[in-house]
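Whatever order the structure lists them in is the order used to number ligands and atoms, beginning at 1. Since we're looking at a predicted model, the values are computed, not measured.
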Amino acid sequence: MYALNYVKAKSVKEAAELLTANPDAKLLSGGMTLIPTLKQRLAKPSHLVDIGQLSELRGIEEKGGKLVIGAGVKHHEVATSPVAAKAIPALAELAGVIGDPQVRNMGTIGGSVANNDPAADYPAAVLGLNATVVTTKREIAADQFFKGMFDTALGAGEIIVRIEFPLPKAAAYSKFHHPASGYAMAGVLVADTAGGIRVAVTGAGPGVFRWKEAEAALAKGMKPEALEGLALKGDDFNEDIHASRAYRANLVRVMAKRAVAKLAGKGSGPAAENQR
Ligand SMILES: Cc1cc2nc3c(=O)[nH]c(=O)nc-3n(C[C@H](O)[C@H](O)[C@H](O)COP(=O)(O)OP(=O)(O)OC[C@H]3O[C@@H](n4cnc5c(N)ncnc54)[C@H](O)[C@@H]3O)c2cc1C
């Protein structure tokens with residue numbers, strides 16, 4: 001780890017000012033991704049601006065037809081929130097299968113979405129539920145937010161303040177844990193929203209994406225069999241010793257079918273297929 005300056009911000013405004021004054025500074029939220037990155041000397045920020053304790057970034061509430069979650073809310077809080085469980089049960093279930101208890105007690109939704117790991121779970125929820133990412137500068141629709149591997153629409157010095165999830169008519173998430181990392185080897189969130197059916201896929205490709213063919217097929221009938229004839233090409237999918245591209249492409253379809261079965265009330269069970 002390189003030497004750096006640590007600053008505990010007293011407000012979001014102060015954190016934003018510190019980022020502007022120090023272009024090589026980085027925000028620190030739960031630290032679950034950033035601290036290992038620093039330990040491996042893969043990043044060399046001049047300052048760490050700690051926003052992990054800010055009350056302005058906390059809170060889970062349902063208002064105006066939306067579930068609003070502060071950027072600093074930890075995964076465990078979402079997983080165990082009665083408000084989240086009532087508003088969007090699939091989201092609470094998804095939060096409950098992120099990492100392990102230590103990660104869920106430290107990691108935050110804002111940090112996860114800002115980081116945009118290609119195998120992270122929350123990006124599938126944000127994209128699949130057509131959420132809005134509210135920052136210190138603007139509101140960004142999910143379809144415009146995720147730009148590719150570890151890349152988002154966030155600009156320099158821009159801080160995620162909260163995420164607003166419109167309440168879907170129904171939604172379900174199915175995840176197959178990567179056996180080594182515990183992240184998603186494939187995770188699929190299927191949602192029946194006011195704007196139509198949305199299917200968001202994480203883990204398989206270089207970044208979260210919408211599976212438009214599946215959305216069109218499910219719009220004709222929300223049943224697992226609707227996905228039977230569909231095949232993802234997966235030319236750009238991830239490949240490792242655990243799964244080839246073809247395996248991941250098939251796994252996406254399997255996870256999507258299971259999510260649809262849960263959503264249509266024909267299936268039950270946890271958000272993850274292989275509990276760790
Ligand atoms: C062992 C392990 C297993 C894990 N398994 C999973 C898993 O199964 N699924 C999964 O989804 N994730 C998993 N994670 C990642 C975990 O969910 C992290 O919490 C998440 O990636 C980052 O959140 P954080 O709050 O820790 O952010 P940090 O590590 O503090 O920050 C991450 C990045 O986001 C930036 N950032 C933080 N907050 C904001 C903000 N409000 N606005 C703008 N930028 C911000 C930081 O500057 C940094 O660049 C795992 C992590 C570990 C260590």
Side-chain angles (χ1 to χ4, degrees), residues 4 6-7 9 11-12 15-16 18-19 22-40 42-54 56-58 69-79 91 93-127 133-138 140 145-146 150-163 173 175-187 189 200 202-203 207-208 271-272 274-276:
L4 47 76
Y6 171 85
V7 191
S11 65
V12 173
L18 283 162
L19 292 181
N22 303 283
D24 292 329
K26 261 198 164 305
L27 290 173
L28 175 69
S29 189
M32 289 294 94
T33 296
L34 187 52
I35 298 295
T37 308
L38 296 177
K39 283 170 80 174
Q40 289 167 36
L42 295 172
K44 195 182 178 185
S46 63
H47 295 69
L48 278 190
V49 179
D50 191 346
I51 55 169
Q53 310 293 320
L54 293 180
E56 292 168 77
L57 299 179
R58 320 234 11 120
I69 303 182
V73 172
K74 296 178 189 305
H75 310 332
H76 174 72
E77 294 175 282
V78 176
L91 186 63
E93 287 168 17
L94 174 149
V97 295
I98 294 176
D100 51 36
Q102 288 87 346
V103 169
R104 291 196 289 277
N105 276 288
M106 290 299 291
T108 64
I109 189 168
S112 175
V113 171
N115 195 49
N116 191 20
D117 188 298
D121 298 285
Y122 269 132
V126 171
L127 189 62
V133 180
V134 181
T135 76
T136 39
K137 298 188 176 166
R138 59 199 164 130
I140 311 171
F145 185 82
F146 299 104
F150 296 108
D151 193 15
T152 69
L154 290 174
E158 193 166 11
I159 302 174
I160 300 177
V161 176
R162 62 180 181 274
I163 301 183
Y173 183 62
K175 167 181 182 176
F176 194 90
H177 285 284
H178 189 287
S181 72
Y183 280 76
M185 180 113 95
L189 190 131
T202 189
V208 66
N274 51 340
Q275 274 299 357
R276 284 159 61 83

task = Name the option, out of Ala114, Pro45, Ala124, Gly72, that contains the heavy atom nearest to atom 45 (C) of ligand 1.
result = Ala114
query = Nearest to atom 38 (N) of ligand 1 by heavy atom, Ala25, Ser29, Ala120: which?
reply = Ser29
Can you check whether [X] has an N/O within less than 3.5 Å of an N/O in ligand 1?
X	answer
Gly99	yes
Gly30	yes
Tyr183	yes
Ile160	yes
Tyr122	no
Gly182	yes
Glu158	no
Gly107	no
Leu34	yes
Leu28	no

[X] touching ligand 1 at heavy-atom level, < 4.0 angstrom:
X	answer
Gln102	no
Ile109	no
Val103	yes
Arg162	no

ask   = Counting heavy atoms only, which part of Leu57 comes closer than 4.0 Å to ligand 1: side chain, backbone, both or neither?
value = neither
